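Worksheet: one structure, shown below.
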Amino acid sequence: MTLFGPAFGLAMHYQVFLLSRMREEYELTGSPTAAVARGLERTGRIVTAAAVAISVVFLAFTVSGISLVRAYGIGLPLAVLMDATLIRGAVLPAAMRLGGRATWWAPAPLRRLHSRYGLREEPAAAARRDGDRALTG
């Protein structure tokens, strides 16, 4: 039971990262299918590398003389790798695909709040265009 908190926190971190990228793609394309595919495409390597790196760190806990720390060293890497492969790679995209446009529904007050204060990544083309203008003066 003590593994649940850290494992859940790490899992949510990866899912929020993935879902935020999917949401950005959905806003750009308007296609739920394309948003899921592009979101996975753009975050897959980053999330997998992060999951492997943190799992290696947690595996180092197995050399500890304290049994609880050793349990973390076995349980957390398993939880992180399972989440990064099975949940992020199969279950989440399947659920998003089945949900279609309903997946992106939000109540009107929340949509207004997000449109006013939500964080957005500047499109690459606009950033390049602004950079070119700055260089040409």
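Bear in mind the structure is a predicted one, so any value in this text is a computation, not a measurement.
- Residue Leu98 is not grouped with residue Val36 when hydrophobic side chains (ILVMFWY) are merged at heavy-atom distances under 4.5 angstrom, including chains of intermediate members.
- At distances below 3.5 Å, at least one donor-acceptor pair connects side-chain atoms of Ser115 with backbone N or O atoms of Arg112.
- Of all heavy-atom pairs between Leu76 and Phe58, the closest is CB-CD1, 3.6 Å.
- Tracing side-chain contacts under 4.5 Å through hydrophobic residues (I, L, V, M, F, W, Y), one reaches Tyr117 starting from Leu110; they form part of the same cluster.
- A side-chain donor-acceptor contact under 3.5 Å links Thr48 and Arg88.
- The local environment of CZ in Arg97 is sparse, with at most 12 non-hydrogen atoms from other residues, nucleotides or ligands closer than 6.0 Å.
- Expressed to the nearest 0.5 Å, how far CG of Asp83 lies from CG of Leu78 amounts to 12.5 Å.
- Here the closest non-hydrogen pair linking Thr29 and Ala35 is OG1-N, 4.4 Å.
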I'd like to know whether Leu19 forms a side chain to side chain contact (heavy atoms under 4.5 Å, CB included) with Met96, so could you lay out the CA-CA distance, the side-chain angles of the two residues, the decisive distance to 0.1 Å, and finally the verdict.
CA-CA 10 Å; Leu19 287 173; Met96 300 287 289; 3.8 Å; yes
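- Counting heavy atoms from C-beta outward, Leu86 and Met82 have side chains that approach closer than 4.5 Å.
- Contact between Leu40 and Pro93 at its shortest, heavy atoms only, is CD1-CG, 3.4 Å.
- Shortest non-hydrogen contact noted between Ser55 and Val80 is OG-CG1, 3.8 Å.
- Nearest heavy atom pair, residue Phe17 against residue Thr43, reads CE2-CG2, 3.7 Å.
- In this structure, Leu18 is not a member of the same hydrophobic cluster as Val47, with clusters built from ILVMFWY side-chain heavy atoms closer than 4.5 Å.
- With respect to the salt-bridge test (charged N to carboxylate O, under 4.0 angstrom), the residues Arg42 and Glu25 qualify.
- Grouping the Ile, Leu, Val, Met, Phe, Trp and Tyr side chains by contacts below 4.5 angstrom, directly or via other members, places Met22 apart from Ile87.
- Minimum heavy-atom separation, Arg70 to Thr62: CG-O, 3.2 Å.
- In summary, the side chains of Tyr26 and Arg101 do present a donor paired with an acceptor at a separation below 3.5 Å, with no hydrogens or angles considered.
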